[in-house]
Amino acid sequence: MEISTTALRAKRSCTSGYRWFARRFSSAAEYLQVVDVLVDDGRAADACWLIDRFGPIDAVRVLERVSAESLVFPGSLQVRYEVEVDTLLRVGGALTVGGGVRAGTTLTVDGDLRSGAGLRCGRLRCGGDLFAGWSVEAQDGLACSHELRVRGELRCGALTVGGSAVVDGDLEVSGRADLGKSLRVGGAIACGEGLRAGHGIQAAGGVSSGLHIDAGWGVVAGADIAADGAIRAGECVVSGGEVRTGAGYGVHAGSSVRREAWPSCGRVVSRTRPGQLCSGLWQPTPEGA
């Protein structure tokens, strides 16, 4: 694929970017070459704009390690060891890293992202599946279009996952957590705003939310389930401790099953009966549990 002034006009490039290209290239230039020169000239944002408008390529670049101010590549990137980028890292295809990944501001991978160790960045967006061999920190938010798997702790701003998420450690979300399918956490779940899962929510520790907790199936936790808003589940709500809602809000269990099925599919299990039980059948936590 070649980039030309005609192609840039058709894609409605900005005046600054168009003039830069006209100065740097006397004729049409190969797509990958233009991206590399943009990054070298400190125009990484323009390189990302090219990928957004012209799409990814099939090329695969293999490197030992990465240490740079910024890196933009429209194909797939394979790195044997670690990746250290001071500002922006953008990959148009898949990113596979044997070690850890650090990006100072933004990490965007349009395909799958697989890291043998941890991930640390400001904002993280993955257009495919995301796998991290250790903990993940994305202070400004994390968005994953498909499946998410973290073999450690996950701390982020707002969390959006199109499929299911599995986190071996604690999950801390300062904003809202929204999952298309299920959420399973090996530690505790703490969300500053709301928590929603299209399927079920399961945590070895407690589950807390600064707003509502919504699960299309059930919510199961080894400790307290607490929300400043309502707690709503299509089936059961099972806690190893207490189930608490915010003032004026209720617990709504068994909302996706018939009332006759509540003894098996609409149970609310906790040490004491929730004060605002709107639907579901309460059962005390078994002795010794």
Side-chain angles (χ1 to χ4, degrees), residues 1-117 119-130 137-146 157:
M1 182 190 302
E2 290 189 336
I3 305 298
S4 65
T5 53
T6 301
L8 291 176
R9 279 197 301 267
K11 296 293 184 180
R12 298 183 178 180
S13 68
C14 67
T15 301
S16 174
Y18 181 89
R19 289 175 176 172
W20 173 90
F21 181 87
R23 289 194 305 267
R24 287 298 249 128
F25 301 95
S26 58
S27 61
E30 198 271 328
Y31 181 21
L32 182 54
Q33 179 188 8
V34 177
V35 171
D36 287 342
V37 176
L38 278 168
V39 175
D40 291 342
D41 285 2
R43 302 181 70 102
D46 288 347
C48 293
W49 180 89
L50 277 184
I51 296 177
D52 291 338
R53 297 303 186 277
F54 292 92
I57 59 176
D58 294 333
V60 177
R61 180 174 288 178
V62 180
L63 302 171
E64 285 290 297
R65 54 174 45 87
V66 173
S67 179
E69 173 67 23
S70 59
L71 176 62
V72 179
F73 185 66
S76 294
L77 191 63
Q78 298 177 0
V79 183
R80 184 176 181 183
Y81 299 113
E82 71 281 349
V83 174
E84 295 275 345
V85 176
D86 293 337
T87 57
L88 179 149
L89 174 59
R90 171 71 185 273
V91 180
L95 174 62
T96 304
V97 183
V101 179
R102 182 187 68 82
T105 57
T106 305
L107 170 57
T108 302
V109 180
D110 292 351
D112 293 340
L113 168 56
R114 185 177 184 88
S115 170
L119 299 171
R120 184 178 180 183
C121 60
R123 183 175 302 278
L124 194 161
R125 184 182 69 81
C126 176
D129 296 334
L130 191 158
E137 181 178 351
Q139 296 178 350
D140 299 326
L142 187 158
C144 175
S145 296
H146 297 294

What are the two closest heavy atoms between [X] and [Y], and how far apart are they?
{"X": "V39", "Y": "A47", "result": "CG2-CB, 4.1 Å"}
{"X": "S76", "Y": "V91", "result": "CA-CG1, 4.4 Å"}
{"X": "G55", "Y": "Y31", "result": "O-OH, 2.7 Å"}
{"X": "G92", "Y": "P56", "result": "O-CB, 3.3 Å"}
{"X": "A28", "Y": "E2", "result": "CB-OE1, 3.6 Å"}
{"X": "T106", "Y": "A103", "result": "O-CB, 3.8 Å"}

From [X] [atom1] over to [Y] [atom2], what is the distance, rounded to the nearest 0.5 angstrom?
{"X": "E137", "Y": "L119", "atom1": "CD", "atom2": "CG", "answer": "11.0 Å"}
{"X": "R80", "Y": "E64", "atom1": "CZ", "atom2": "CD", "answer": "5.0 Å"}
{"X": "C121", "Y": "R102", "atom1": "SG", "atom2": "CZ", "answer": "10.5 Å"}
{"X": "S13", "Y": "D46", "atom1": "OG", "atom2": "CG", "answer": "9.0 Å"}
{"X": "L8", "Y": "L50", "atom1": "CG", "atom2": "CG", "answer": "6.5 Å"}
{"X": "D40", "Y": "D36", "atom1": "CG", "atom2": "CG", "answer": "6.5 Å"}

Close side-chain approach of [X] to [Y], heavy-atom, < 4.5 Å:
{"X": "L32", "Y": "F73", "answer": "yes"}
{"X": "L88", "Y": "C48", "answer": "yes"}
{"X": "T5", "Y": "F21", "answer": "yes"}
{"X": "V79", "Y": "R61", "answer": "no"}

Task: Listed partners of W20 passing side chain to side chain donor-acceptor pair (under 3.5 Å), at least two apart - done: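 With neighbours one apart ignored, the set is D41.
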
[X] side-chain N/O to [Y] backbone N/O, donor-acceptor pair under 3.5 Å:
{"X": "S115", "Y": "G99", "answer": "yes"}
{"X": "R123", "Y": "D140", "answer": "yes"}
{"X": "T87", "Y": "E69", "answer": "yes"}

**OP:** Tell me, with the steps shown, if V72 and S70 meet side chain to side chain contact (heavy atoms under 4.5 Å, CB included).
**Re:** CA-CA 7 Å; V72 179; S70 59; 5.6 Å; no

Surrounding [atom1] of [X] (heavy atoms of other residues, nucleotides or ligands, distance under 6.0 Å), is the total greater than 12?
{"X": "R43", "atom1": "CZ", "answer": "yes"}
{"X": "R114", "atom1": "CZ", "answer": "no"}
{"X": "R53", "atom1": "CZ", "answer": "yes"}

* To do: Decide side chain to side chain contact (heavy atoms under 4.5 Å, CB included) for I51 and D110; before the verdict, give the C-alpha distance in whole Å, the side-chain angles of both, and the deciding distance to 0.1 Å.
  => CA-CA 10 Å; I51 296 177; D110 292 351; 3.9 Å; yes

Practice task
Would you please test V37 and F25 for side chain to side chain contact (heavy atoms under 4.5 Å, CB included) and show each step?
Solution key: CA-CA 10 Å; V37 176; F25 301 95; 4.1 Å; yes

D52 and its salt bridge (Lys or Arg N to Asp or Glu O under 4.0 Å) partner, picked from R12, R90, K11
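In the set R12, R90, K11, the residue that makes a salt bridge (Lys or Arg N to Asp or Glu O under 4.0 Å) with D52 is R90.
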
Quickly, which of V109, L113, D112, L95 forms a side chain to side chain contact (heavy atoms under 4.5 Å, CB included) with L130? Name it, please.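 The single option meeting the side chain to side chain contact (heavy atoms under 4.5 Å, CB included) with L130 is L113.
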
(request) Hey, can you tell me if F54 and W49 have their rings parallel, tilted or perpendicular (30° and 60° cut-offs)? (result)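 Plane angle over 60°, so perpendicular.
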
